[in-house]
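Report on the structure given below.
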Amino acid sequence: MDMLTGTIFQTAVNLISASGSAILAVIYFRYVRLDRPPVGVFNSRDILMILCFLTSLPFLYLIVPSYVLTGFLILTFSSALYIVLRPFLRPRYLWLLVIFLLAVNIMVTETLLGTRSGWQLYWVLTDIIVLGAIVGVSNLYVQGGMRLRHVAWFALFLAFYDAFFSLVVPISLQLADRFEGQPLDPSIGFTIGPYSANLGIGDLLVFTLFIVAAYKGFGRRGVISSLVIIAIFGALIPSLSPLVVAAFVRTNIGIVIPVQTFFGPVAFVTYFLLSRRSKERSMAQWLSIQAAEGHEPIRVTRQRPATTALAANAQTATEVRTN
């Protein structure tokens, strides 16, 4: 396989995956309002708990049997897809769609991966599922009160975490091998001929969290800044790095890149620069601005047409008080 051509293909896949998911997450945040669980707003303790949970999962993935891993992924993606689709579909249709997507993905994995078209169908189905999951989860967190400073510190920690478990203790490499050809691979990717590339769900979740929180906190300036660093330091530079960093290349096996090692420090600096020019807005302030401008988002409560307006106003008032 030609290294340069493979790198170009990987760059294209990662750029489309990172930028596309980030833009879709912002659009979703702009037009859809999720029901918030009655747990108050996010704080530093919540972020620490999420961090511990996410960083410990890779070790669990490596030791559980394949059927347990698949079951866990089914549960995870079912919950995430429910979150993102609930404002648009009634539960009966929502669950039918979720079951269909997951079942077809598993069926294709078990029966068609020996063919080129089978791999391509597999990645299309997987990409739809993962994209929906990260858009829903990132919006749930940010609409629940997560701020850009939380995401920036999270990304900075992952920069060191990614580097250590890629270059010192090769956990990331083992994870990449474990998920290859498994149902519901938690990544977005594609394959053409001998070339295959994918970007993991953890990296994509950090990107979507960062841009949505930046949009909420700093408006258009936050979105533009986020898109630039996601494209350059989340996709382009990491994808091109194997051309100059031999440690990322496993001969005749593949390439594993610690994306957050490139993105995390730049994300933290970007937050610092944004926050120096203006104070980060809370979710309550964002809702107040949207209400003042007459923007009416899609809500889960639209499924109760008789009380839609009243419920929307009451929820907005509650959010303003609790944030």
Side-chain angles (χ1 to χ4, degrees), residues 9-10 13-14 16-18 20-21 24-25 28 53-54 56-140 171-205 207-208 253-256:
F9 177 75
Q10 178 174 274
V13 170
N14 288 356
I16 293 171
S17 302
S21 59
L24 186 58
Y28 191 95
F53 177 72
L54 292 179
S56 62
L57 276 181
F59 302 96
L60 178 64
Y61 288 156
L62 290 176
I63 62 176
V64 299
S66 294
Y67 65 89
V68 175
L69 176 58
T70 300
F72 182 81
L73 292 172
I74 290 173
L75 179 62
T76 301
F77 283 120
S78 296
S79 302
L81 290 174
Y82 176 83
I83 291 170
V84 74
L85 294 174
R86 191 181 177 199
F88 306 101
L89 296 172
R90 296 184 182 277
R92 71 184 72 172
Y93 304 118
L94 188 159
W95 286 116
L96 284 175
L97 178 58
V98 170
I99 292 171
F100 172 79
L101 288 172
L102 299 183
V104 173
N105 181 280
I106 294 172
M107 181 186 69
V108 169
T109 304
E110 298 297 332
T111 60
L112 298 179
L113 286 194
T115 65
R116 182 175 302 174
S117 59
W119 273 106
Q120 292 176 341
L121 178 59
Y122 165 83
W123 276 119
V124 169
L125 292 168
T126 301
D127 292 350
I128 293 172
I129 293 169
V130 174
L131 182 60
I134 58 176
V135 167
V137 171
S138 60
N139 270 271
L140 179 67
I171 297 296
S172 298
L173 282 64
Q174 296 177 40
L175 276 175
D177 295 338
R178 178 71 194 275
F179 281 115
E180 185 176 4
Q182 292 291 315
L184 304 172
D185 186 338
S187 61
I188 290 180
F190 200 65
T191 181
I192 294 179
Y195 304 107
S196 180
N198 61 300
L199 187 58
I201 192 172
D203 297 318
L204 293 165
L205 182 59
F207 298 156
T208 53
I253 299 178
I255 298 172
V256 177

Completion exercise
Distance col, row Glu180:CD vs Asn198:CG, nearest 0.5 angstrom, shows 8.5 Å
Completion exercise
Smallest heavy-atom separation, Thr191 atom then Gly193 atom, equals OG1-O, 3.9 Å
Exercise for the section: Compare every heavy atom of Ser187 with every heavy atom of Gly200, then report the nearest pair and how far apart it is. Expected result: CA-CB, 3.7 Å
Practice task
Taking the side chain as every heavy atom from C-beta outward, state whether Leu199 and Val13 have any pair of such atoms under 4.5 Å apart.
Solution key: no
Fill in the blank from the handout: Here the ring-ring contact (aromatic ring centres under 6.0 Å, His included) pairs for residues 97-116, sequence neighbours left out, are none
Below 3.5 Å, can you tabulate the donor-acceptor pairs from side chains in residues 58-77 to any protein atom, sequence neighbours excluded?
| residue | atom | partner | partner atom | Å |
| --- | --- | --- | --- | --- |
| Thr70 | OG1 | Ser66 | O | 3.0 |
| Thr76 | OG1 | Phe72 | O | 2.9 |

Handout entry: Straight-line distance of Ser78 OG to Trp95 CH2, nearest 0.5 Å
Key = 5.5 Å
Exercise for the section: Please identify each residue that fulfils side chain to side chain donor-acceptor pair (under 3.5 Å) with Ser21, with sequence neighbours left out. Expected result: none
Practice task
Can you sort out the partners of Leu97 under side chain to side chain contact (heavy atoms under 4.5 Å, CB included), two or more places apart, ordered by chain and number?
Solution key: Leu85, Leu89, Leu101
Fill in the blank from the handout: Heavy-atom nearest pair, Ser138 first then Thr208, reads CB-OG1, 3.4 Å
Exercise for the section: Drop me the distance from Arg178's CZ to Ile171's CD1, to the nearest 0.5 angstrom. Expected result: 12.5 Å
Completion exercise
Taking every heavy atom of Val137 against every heavy atom of Ala80, the minimum-distance pair comes out as CG2-CB, 3.9 Å
Practice task
Please identify each residue that fulfils side chain to side chain donor-acceptor pair (under 3.5 Å) with Asp127, with sequence neighbours left out.
Solution key: none
Problem - Contact summary for Ile134 and Leu205, nearest pair of heavy atoms - result: O-CD1, 4.2 Å
Fill in the blank from the handout: Taken to the nearest 0.5 Å, the spacing of Ile129 CD1 from Asp185 CG works out to 11.0 Å
Exercise for the section: Identify, with sequence neighbours excluded, every residue that meets side chain to side chain contact (heavy atoms under 4.5 Å, CB included) alongside Val135. Expected result: Leu24, Ala25, Tyr28, Val84, Leu131, Asn139
Practice task
With the side chain counted from C-beta on, respond yes when Leu184 and Phe179 share a heavy-atom pair under 4.5 Å apart, and no when they do not.
Solution key: no
Handout entry: Listed once per pair and sorted, the side-chain hydrogen bond (donor to acceptor under 3.5 Å, both in side chains) pairs that draw on residues 102-124, sequence neighbours left out
Key = Asn105-Thr126
Exercise for the section: Could you list the residues that satisfy ring-ring contact (aromatic ring centres under 6.0 Å, His included) with Phe9, not counting sequence neighbours? Expected result: none
